[in-house]
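Okay, structure first, notes after.
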Protein chains: 2
Amino acid sequence: MKNRILEVAQILFSRCGYAGTSINDIAQQVGTSKAGIYYHFRSKEAILDEVLSQPMKDLSQLIEQAKKNHFKEEQLLRAYINGIVKSGKVMYELWNDLSIQDQLQHHQINEQCEELVYLLAGSQPSESDLVRARAAMAVAQTAIQFIANGDGSIDKKIQTELLNAALRVLN
Amino acid sequence: MKNRILEVAQILFSRCGYAGTSINDIAQQVGTSKAGIYYHFRSKEAILDEVLSQPMKDLSQLIEQAKKNHFKEEQLLRAYINGIVKSGKVMYELWNDLSIQDQLQHHQINEQCEELVYLLAGSQPSESDLVRARAAMAVAQTAIQFIANGDGSIDKKIQTELLNAALRVLN
DNA sequence: GTCTATAAGGGGATAGAC
DNA sequence: GTCTATCCCCTTATAGAC
């Protein structure tokens with residue numbers, strides 16, 4: 001049941017935003033009552049926390065791996081795109097949700113992103129390197145637009161196209 | 001007074017999102033009362049409408065000009081970036097505000113964006129062309145991140161860097 | 001034009017029955 | 001575990017005094 005709630009919350013949060021989704025909306029979609037939700041979660045914020053936690057773990061892990069194995073730019077961008085697809089677009093939609101900047105900050109999302117930017121920009125990056133790194137990540141993030149609404153996957157050809165585009169941005 | 005309200009609303013909407021900004025917030029920042037706001041606007045939605053209208057006009061105008069004068073990719077992207085900077089980042093922050101998708105649709109933002117994508121992708125675009133066009137626009141949109149919070153401008157060097165990056169994406 | 005006061009409704013959250 | 005009923009607060013919006 002708890003997992004069912006998280007699934008629904010994930011979908012509604014990334015469709016209507018956090019502020020635009022009420023506990024009632026979640027309860028109805030799950031097929032229960034508000035109090036039913038509150039048996040499993042102490043607050044609405046707690047739901048968001050759990051929704052964000054898995055994609056955040058993945059992102060941290062990606063960064064760790066990239067550091068340990070000295071990922072090339074291509075490997076890094078490829079893994080980043082895979083992460084976006086895997087998280088079912090939740091994270092990267094909520095990314096821009098201005099109504100939850102505090103929680104996002106609590107999950108240190110900006111810090112993690114900055115780490116990625118610096119990994120992409122190389123050692124001792126110039127200002128230009130940093131601008132290009134940020135732009136490359138933006139290209140990778142457009143993957144969201146191409147995630148099939150049905151099975152949540154993304155066409156291989158498009159994925160390759162995006163990867164190449166991101167690499168061209170860097171150089 | 002009405003203009004002052006619009007200014008404040010613009011800032012708060014793009015900082016906290018539409019749902020995250022209450023009429024009270026706006027009133028306090030302006031230095032008046034809720035009813036004071038409602039003397040000038042019939043509803044909160046009406047405020048959003050007016051906030052969006054100017055950047056939307058600019059965007060329409062850009063598309064019209066680009067069509068009439070057969071803008072090259074570079075001209076188009078440059079003008080697009082200028083528009084983002086000029087609009088004081090409002091539009092392009094609200095762009096991703098999931099709590100106002102209805103209003104955005106009413107302003108036909110998606111349609112306008114599609115027009116831009118197709119202008120960038122060239123005539124008879126392949127699927128790859130379209131993917132690259134969307135990616136290039138994403139690069140241009142990262143300009144938001146570099147807009148100085150102080151005077152709302154953007155460093156010329158960064159702007160050029162972004163333009164070149166977007167052009168590399170296309171080819 | 002701008003205020004205070006208030007209505008009407010929805011939000012998150014809790015109590016207590018079953 | 002899940003429900004109904006309820007609380008309290010905040011939101012949008014309006015009425016009416018000044």
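The sequence lines fix the lettering, A, B, ..., with proteins before strands; numbering per chain opens at 1. Remember, it's a predicted structure, so these values are computed and weren't measured experimentally.
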A:Glu114 meets the side-chain hydrogen bond (donor to acceptor under 3.5 Å, both in side chains) criterion, sequence neighbours left out, with A:Arg134
Residues passing the side-chain hydrogen bond (donor to acceptor under 3.5 Å, both in side chains) test with A:Asp151, sequence neighbours excluded, are A:Ser153
Between [N] atom [atom2] and [X] atom [atom1], what is the distance in whole Å?
{"X": "A:Glu45", "N": "C:dG11", "atom1": "CD", "atom2": "P", "result": "18 Å"}
{"X": "B:Ile47", "N": "D:dT11", "atom1": "CD1", "atom2": "C1'", "result": "13 Å"}
{"X": "A:Ile37", "N": "C:dG12", "atom1": "CD1", "atom2": "C1'", "result": "12 Å"}

Please tell me if B:Ser33 has a side-chain N or O lying less than 4.0 Å from either OP1 or OP2 of C:dC3. yes
Note to self: OP1 or OP2 of D:dT14 versus the side-chain N and O atoms of B:Tyr38: is any pair under 4.0 Å?
What the structure shows: no
Only one of B:Glu7, B:His40, B:Glu50 passes side chain to side chain donor-acceptor pair (under 3.5 Å) with B:Lys2, and that residue is B:Glu50
Salt bridge (Lys or Arg N to Asp or Glu O under 4.0 Å) with B:Lys34: which residues, sequence neighbours excluded?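 Testing B:Lys34 for salt bridge (Lys or Arg N to Asp or Glu O under 4.0 Å), a comparison that skips the adjacent residues, returns none.
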For [X] and [Y], work out which heavy atoms get closest and say how close.
{"X": "A:Val51", "Y": "A:Ala9", "value": "CG2-CB, 4.2 Å"}
{"X": "B:Phe71", "Y": "B:Ala79", "value": "CE2-CB, 4.5 Å"}
{"X": "A:Val139", "Y": "A:Ala165", "value": "CG1-CB, 4.0 Å"}

Please step through side-chain hydrogen bond (donor to acceptor under 3.5 Å, both in side chains) for the pair B:Gln112 and B:Ser60, ending with a clear verdict. CA-CA 7 Å; B:Gln112 304 270 36; B:Ser60 302; 2.8 Å; yes
B:Thr32 side-chain proximity, nearest of C:dA13, D:dT2, C:dT2: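 The nucleotide sitting nearest to the side chain is C:dT2.
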Task: Charged N-O contact under 4.0 Å between A:Glu74 and A:Arg78 - done: yes
Of B:Met1 and B:Lys34, the one whose nearest nucleotide on DNA chain C sits closer to the 5' end is B:Met1
In numerical order, the residues of residues 4-30 of chain B whose heavy atoms come under 4.0 Å of DNA chain D are B:Thr21, B:Ser22, B:Ile23
task = Scan residues 96-106 of chain B against DNA chain D and write down, sorted by residue number, each residue with any heavy atom closer than 4.0 Å; if none is found, say none.
result =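 Listed by number, there are none.
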Measure all distances between protein nitrogen or oxygen atoms and nitrogen or oxygen atoms of nucleotides 16-18 of chain D, and list the pairs falling under 3.5 Å.
none

- Task: Give a yes or no on whether A:Glu64 atom CD has more than 12 heavy-atom contacts from other residues, nucleotides or ligands under 6.0 Å away.
- Result: no
Only one of B:Val8, B:Thr32, B:Ile11 passes side-chain contact (heavy atoms from CB on, under 4.5 Å) with B:Ile26, and that residue is B:Val8
